[in-house]
Amino acid sequence: MAMSMAVRAFLLLLLFLSFTNLSVSLYEDQVGLVDWHQQYIGKVKDAVFHTQKSGRKRVVVSTEENVIASLDLRHGEIFWRHVLGSNDVVDGIDIALGKYVITLSSEGSILRAWNLPDGQMVWQSFLDGSGASKSLLTVPTNLIVNKENLILVFGRGSLHAVSGIDGEVLWTKDFAAESLEVQHIIQPVGSDAIYVLGFVGSSQFDAYQINPKNGEILKHNSAALSDGYSGEAILVSSDLLVTLDATRSKLVIISFQDGEINFQQTSISDVLGDSSGTPVLVSSKLPGVFSVKVNGAVTLIRVTVEAKLEVIDKINSVAAISDAIALSEGQQAFALVQHGDGKIHLTVKLSHDLSGDLLKESIFMDNQRGLVHKVFINSYIRTDRSNGFRALIVMEDHSLLLLQQGAIVWSREDGLASIVDVITSELPVEKEGVSVAKVEENLFEWLKGHILKLKGTLMLASADDVAAIQEMRLKSSEKSKLTRDHNGFRKLLIVLTRAGKLYALHTGYGQVVWSLLLPNLRKSECEFPTGLNIYQWQVPHHHAMDENPSILIVGRCGRGSDAPGVLSFVDAYTGTEINSMDLAHSISQVIPLPFTDSTEQRLHLLIDGNQHAYLYPRTSEAIDIFQREFSNIYWYSVETNNGIIKGHVLKSNCIQEVVDNYCLESRDIWSIVFPSDSEKIIATVTRKSKEVVHTQAKIIAAEEDLMYKYISKNLLFVATVAPKGSGAIGTATPEESWLTVYLIDTVTGRILHRMTHHGSQGPVHAVFSENWVVYHYFNLRAHRYEMSVIEIYDQSRADNKDVWKLILGKHNLTSPFSSYSRPEVVAKSQSYFFTYSVKAIDVTLTAKGITSKQLLIGTIGDQVLALDKRFLDPRRSVNPTQAEKEEGIIPLTDSLPIIPQSYVTHALRVEGLRGIMTVPAKLESTTLVFVYGVDLFFTQLAPSRTYDSLTDDFSYALLLITIVALIAAIFVTWILSEKKELREKWR
Amino acid sequence: MVLTLSPAHLLLLFAVSALLSTSLAFQSDELLLDDEEFGLEGGVHTKSPDLTYTRSSSSPPPPPTATRRRPSDQDTDSKIQFELHHAFGDSDFSPAGSFSARLKSWSHGGQTLTKLRFSRNAFTEEEKEKFSLLLKGDDFYSIRLPSSVTNPPGRDYVISSVKARCLLREGLDEHFVIHTDGVNILAVNYGSPGACPYPRQLRLPSKWSFNSHTILKNSEQAPRAPVFAEEIFGGEGVEGEVVPPQERSFWAKYWMYLIPLGLIVMNAVTQAMNMAEEQVGAPSAGGQAQQPAAIQRGSSSSVRRR
């Protein structure tokens with residue numbers, strides 16, 4: 001009985017879902033038609049080659065995006081890849097037993113082994129430790145204890161010996177009490193003992209000799225360094241360390257042979273001759289040799305048996321030096337990379353004999369890739385039995401290249417794994433005379449294609465034909481054209497990466513159209529350059545045919561927010577830098593103003609750390625335009641650490657020694673002070689400046705009523721939590737944690753709505769669109785995530801419903817809207833449970849704002865879920881009336897449904913998802929969605945289906961043939977009837 | 001000046017001050033000593049009694065009342081007073097009036113502000129001049145309150161500003177919305193009670209007196225997510241949703257079948273009637289009428305052939 005009831009209920013639910021048809025899913029053969037997906041790994045930190053004679057040649061890499069990947073050495077493709085979380089930083093990587101990839105992560109507390117061929121995890125060990133320290137991973141090749149290969153890990157102040165086979169921790173030796181700052185763990189060849197070498201405090205060197213069987217300390221020596229040390233110590237041979245003293249003027253050689261520690265100090269100027277600049281030890285592992293870098297020049301110094309220093313070579317402008325690798329005859333080789341005249345020079349030398357080069361190659365390199373940051377080499381046996389070398393190099397723009405035989409075998413644009421900001425740009429307008437010829441040329445192809453399609457529709461196609469149709473659909477040349485299309489599907493996605501490089505990606509297949517390593521972020525005087533944001537600088541409408549749009553890139557030189565800013569102006573079509581500026585002031589905010597000058601350059605206001613405003617472009621015309629609107633410019637600033645939000649207006653020109661018309665002082669006109677003991681700002685969200693709202697009125701058919709959306713560009717959503725509840729979920733009890741949300745007018749500082757969710761906490765992800773906010777948080781009482789919606793309506797216009805008033809003109813619909821008027825708003829709100837935790841939320845944008853909206857939710861599984869906004873409607877009730885149902889109100893449920901078909905990313909995952917961006921296409925029904933993280937994903941969405949266009953696979957040929965057939969039929973029947981009539985007349 | 005007064009003294013003081021002030025300025029006739037609380041929860045009741053309405057004219061303001069403690073039997077209630085400062089354009093802030101409120105301590109430890117009253121100092125001649133300048137320059141008139149009422153100014157002052165021209169009605173209308181959280185003031189929203197559309201006209205006030213409205217607002221409680229625990233087990237709700245469609249009438253449900261059926265029936269009926277007509281007419285006239293027609297047709301064709 002109950003069973004049948006349940007079945008019935010289920011069937012009803014299904015029926016209901018099939019009727020509402022809220023999800024716009026896609027068929028299997030439509031995958032890849034409008035979407036593309038690219039996989040990246042990020043900037044490589046460490047690489048280990050695995051090139052045994054049999055099997056695939058591969059390289060295992062760990063990256064700064066916390067990815068562990070195995071790459072094909074022949075093509076650079078990813079065999080397998082694992083993205084560890086952002087709080088699980090990879091510290092070390094190695095190969096053990098010839099079949100496991102060992103990774104150490106999370107500050108030396110998690111050790112994992114992955115199966116080399118397929119990347120499956122074999123084992124994982126959590127290593128406990130009490131202190132914090134540098135973490136080291138050592139995989140000795142021949143240390144076998146009780147028939148087990150040991151892996152030595154130093155992490156969190158303890159040394160652990162882990163079995164390589166199953167990850168069992170065999171023993172642990174705690175060094176936290178000694179506060180040892182470990183430098184090296186070594187196991188000299190032919191010795192039974194393990195040495196742990198490190199510094200204690202600022203001037204004491206300690207060497208521990210440890211029994212590998214049980215972790216007992218066999219011997220402990222320590223000695224004081226008279227002048228301290230700086231930086232790290234380089235292991236030159238199995239009993240010698242080299243470091244610099246605290247003043248960086250002397251080289252200190254530490255020998256710890258036979259348990260005795262000896263120091264030997266040599267002044268750098270004695271070794272290198274007179275040289276200015278601070279010397280840095282290069283951390284490359286070379287046997288018997290170490291290298292010092294001074295002013296870009298590297299000096300290789302050999303340490304002889306008697307611990308004498310001997311300069312063997314001095315090489316200028318060295319970009320990178322690799323570690324030494326063992327060759328067959330007991331020799332060791334290393335690679336160094338130099339730059340020169342648009343090429344890179346790769347040299348491989350034997351470490352004991354630097355006079356001769358094993359290999360010397362020059363490779364032409366695209367200068368948009370910048371300098372070489374890292375090099376890893378690997379040797380192979382050539383067909384003529386000599387040693388060949390391949391080098392994996394990591395460039396300044398984070399790209400990864402494999403060099404072999406003087407050529408670039410493959411390259412990967414891994415800078416795209418760390419996108420900072422995205423904007424879109426229109427493509428050039430199609431010039432006349434170009435397209436027509438092309439169509440005529442391909443007329444036959446075009447016809448053939450349509451006949452194939454026709455066959456497909458009429459189910460006459462063979463398997464080959466079906467494959468051809470599919471391929472044709474995927475590879476239509478229309479998609480990758482570099483001109484504007486009628487529907488606005490083709491655009492340029494201009495992305496700024498963490499490396500300070502700009503890429504323009506075509507929305508067709510995501511191919512790179514141009515790239516630019518920003519020159520003014522690479523200058524030597526610019527330390528720690530960071531790219532911040534991209535803005536549209538100039539979008540020509542009047543001269544769209546002969547002028548290119550340009551973009552503004554805002555960056556900063558230095559780490560703090562008070563570091564001076566840099567501006568760069570780049571042509572969006574060609575990727576050339578038009579102009580650049582080094583600013584004297586810092587940049588804390590960039591405000592694109594809604595005014596453009598006669599050349600259609602947008603006016604921007606840059607706010608510095610002292611609340612001075614600077615106007616760009618610096619032209620007198622701009623200042624004229626600006627003066628007109630001077631008193632109508634308001635902005636706000638959020639001091640997250642202080643818990644204060646302030647509103648500002650412009651006051652006067654800056655009072656400085658040098659008169660600067662473009663510098664303006666500001667003053668505070670309002671402030672909101674959140675009590676520091678009960679509220680802490682965790683999220684602020686505003687509406688998108690380019691959003692288009694179709695109508696202000698919302699018809700409520702059920703009550704035959706009309707409501708007016710409160711639509712203001714100056715609304716700010718702020719979420720605060722109790723300070724206790726600002727930690728991770730589970731650290732606070734429901735009683736001591738609450739979440740308060742605010743809607744604030746940023747012109748007057750008015751709080752329009754304020755609401756508290758008791759027993760809830762962050763993280764809060766929110767999206768603001770039209771007159772509503774949707775936000776996601778955690779409910780501690782229900783132990784679930786929740787999503788809430790707030791919609792605000794304008795009551796002051798609510799009495800404009802009388803038709804007579806409208807006819808007689810006694811309405812206030814046309815009255816101007818002012819923030820200074822006292823708002824009469826009503827806010828409606830509702831909350832629902834939501835299963836997933838969320839990484840990002842966005843909403844679809846369309847050209848005119850008519851199409852219904854979908855929320856795009858980046859889930860914890862790195863997928864994007866499209867959820868209809870109708871599910872988050874405060875008017876939902878448990879039993880909607882008939883009228884409400886007709887209006888499209890969904891019966892209230894306690895949780896939001898997750899319909900598997902409504903995943904925008906279908907079967908794909910956008911690993912490390914960080915952001916979602918939506919851009920309207922010209923076609924009202926369609927919106928373009930770009931999702932970025934470690935991977936990139938792009939697709940087109942039609943939240944209400946494509947009601948305004950025919951689908952791509954619409955058969956024009958069938959339509960044509962039908963029309964032709966009809967016309968023919970008309971003629972035939974006409975002739976027949978004529979004949980018949982004639983016959984009739986002759987009768 | 002801190003005084004500790006008994007209730008009797010208090011009454012006396014108020015009687016005296018009321019006598020003094022009634023002749024000069026309007027004072028709210030609300031009895032101060034009543035203990036019933038006005039609900040301040042939520043800020044929805046805009047017209048609720050916590051909106052105090054004060055009018056001050058250019059008369060000297062009532063003497064400032066000192067902070068007092070109530071007698072021990074009503075220990076949870078305490079009077080509190082905090083100052084309003086104002087600034088004209090870029091000038092420094094100066095005292096402009098004072099708020100007095102009752103601080104109610106709850107048994108669970110929280111404190112809330114209730115019964116806010118406001119007394120505004122009238123503009124001095126100098127201030128009037130400054131304000132006129134603001135009106136001419138369409139500049140900001142700013143006010144500020146301490147962010148904590150127990151130990152002002154707290155962490156910082158909360159500031160609010162309005163274009164001076166917006167305050168102008170007949171006199172000067174001002175509207176305070178004070179957002180509080182316990183003893184803390186989060187924000188104050190200051191402005192005119194009505195609309196203030198953009199091209200703001202320059203007018204000078206006919207009389208220099210303030211009409212002040214004040215509202216205290218606390219945070220609202222957010223609606224909880226609905227929980228349908230019983231429906232998961234009972235399945236009653238799903239069953240209940242099926243019922244409303246059955247209430248529709250027979251016609252509403254089957255009109256799409258009924259109309260074609262009706263058409264078919266009508267068609268059939270008319271055809272049947274036509275048939276009946278023909279059959280009725282056929283035996284009487286059919287035999288005779290058809291014969292001559294055939295003859296006629298035959299003759300005409302024969303004529304044409306000739």
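So you know, we letter chains A, B, ... as the sequences are listed, proteins then strands, and number each from 1.
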Residues, nucleotides or ligands: over 12 heavy atoms within 6.0 Å of B:Asp92 CG: no

Region of B:Ile143 that comes under 4.5 Å of a non-hydrogen atom in chain A: neither

Heavy-atom contact with chain B under 4.5 Å, split by part of A:Gln830: backbone

Closest contact, heavy atoms only, A:Arg754 versus B:Thr180: NH2-O, 2.7 Å

Criterion side chain to side chain contact (heavy atoms under 4.5 Å, CB included) on A:Lys646 and B:Ile159, from CA distance to verdict: CA-CA 9 Å; A:Lys646 281 180 178 166; B:Ile159 307 171; over 6 Å; no

Structural part of A:Ser676 lying under 4.5 Å from a heavy atom of chain B: both

Contact summary for A:Ser671 and B:Val158, nearest pair of heavy atoms: OG-CA, 3.4 Å

Closest non-hydrogen atom pair between B:Pro223 and A:Ser831, with its separation: O-OG, 3.2 Å

Side chains of A:Asn642 and B:Arg155 in contact at under 4.5 Å (non-hydrogen atoms): yes

Any side-chain heavy-atom pair of B:Glu220 and A:His753 under 4.5 Å: yes

Segment of B:Ser192 engaging chain A (4.5 angstrom heavy-atom cut-off): both

Under 4.5 Å from any heavy atom of chain B - which part of A:Asp677: side chain

Atom of B:Ser161, atom of A:Trp670 and distance for their closest heavy-atom approach: OG-N, 4.5 Å

Minimum-distance pair of heavy atoms, taken over all atoms of A:Arg750 and B:Tyr190: NH2-O, 4.3 Å

Test item: side-chain donor near acceptor, A:Ser678 and B:Asp181, under 3.5 Å: yes

Derivation and outcome, side chain to side chain contact (heavy atoms under 4.5 Å, CB included), residues A:Lys651 and B:Asp90: CA-CA 9 Å; A:Lys651 193 164 75 175; B:Asp90 285 337; 3.3 Å; yes

Least distance between heavy atoms, A:Tyr634 atom then B:Lys163 atom: OH-CE, 3.6 Å

Contact leader toward chain B among A:Leu739, A:Ile751, A:Val649, where contacts are heavy-atom pairs under 4.5 Å: A:Ile751

Side chain, backbone, both or neither of B:Asp139 within contact of chain A (heavy atoms, under 4.5 Å): side chain

Test side chain to side chain contact (heavy atoms under 4.5 Å, CB included) applied to B:His179 and A:Tyr742, step by step: CA-CA 11 Å; B:His179 292 268; A:Tyr742 297 85; over 6 Å; no

Note, A:Ser631 side chain near B:Asp138 side chain (heavy atom, < 4.5 Å): no

Neighbour count above 12 (heavy atom, 6.0 Å) for A:Phe630 CZ: yes

Structural part of A:Phe674 lying under 4.5 Å from a heavy atom of chain B: both

Side chain / backbone / both / neither for A:Ser829 at chain B, heavy atoms under 4.5 Å: both

Contacting moiety of A:Glu824, where chain B heavy atoms sit under 4.5 Å: neither

Approximate separation, where rounding is to 0.5 Å, of B:Ser219 OG and A:His758 NE2: 7.0 Å

B:Gln221 vs A:Met755 side-chain heavy atoms within contact, under 4.5 Å: no

Heavy-atom check, side chain of B:Asp156 versus side chain of A:Ile644, under 4.5 Å: yes

Spacing of A:Asp668 atom CG and B:Tyr157 atom OH [to the nearest 0.5 Å]: 15.0 Å

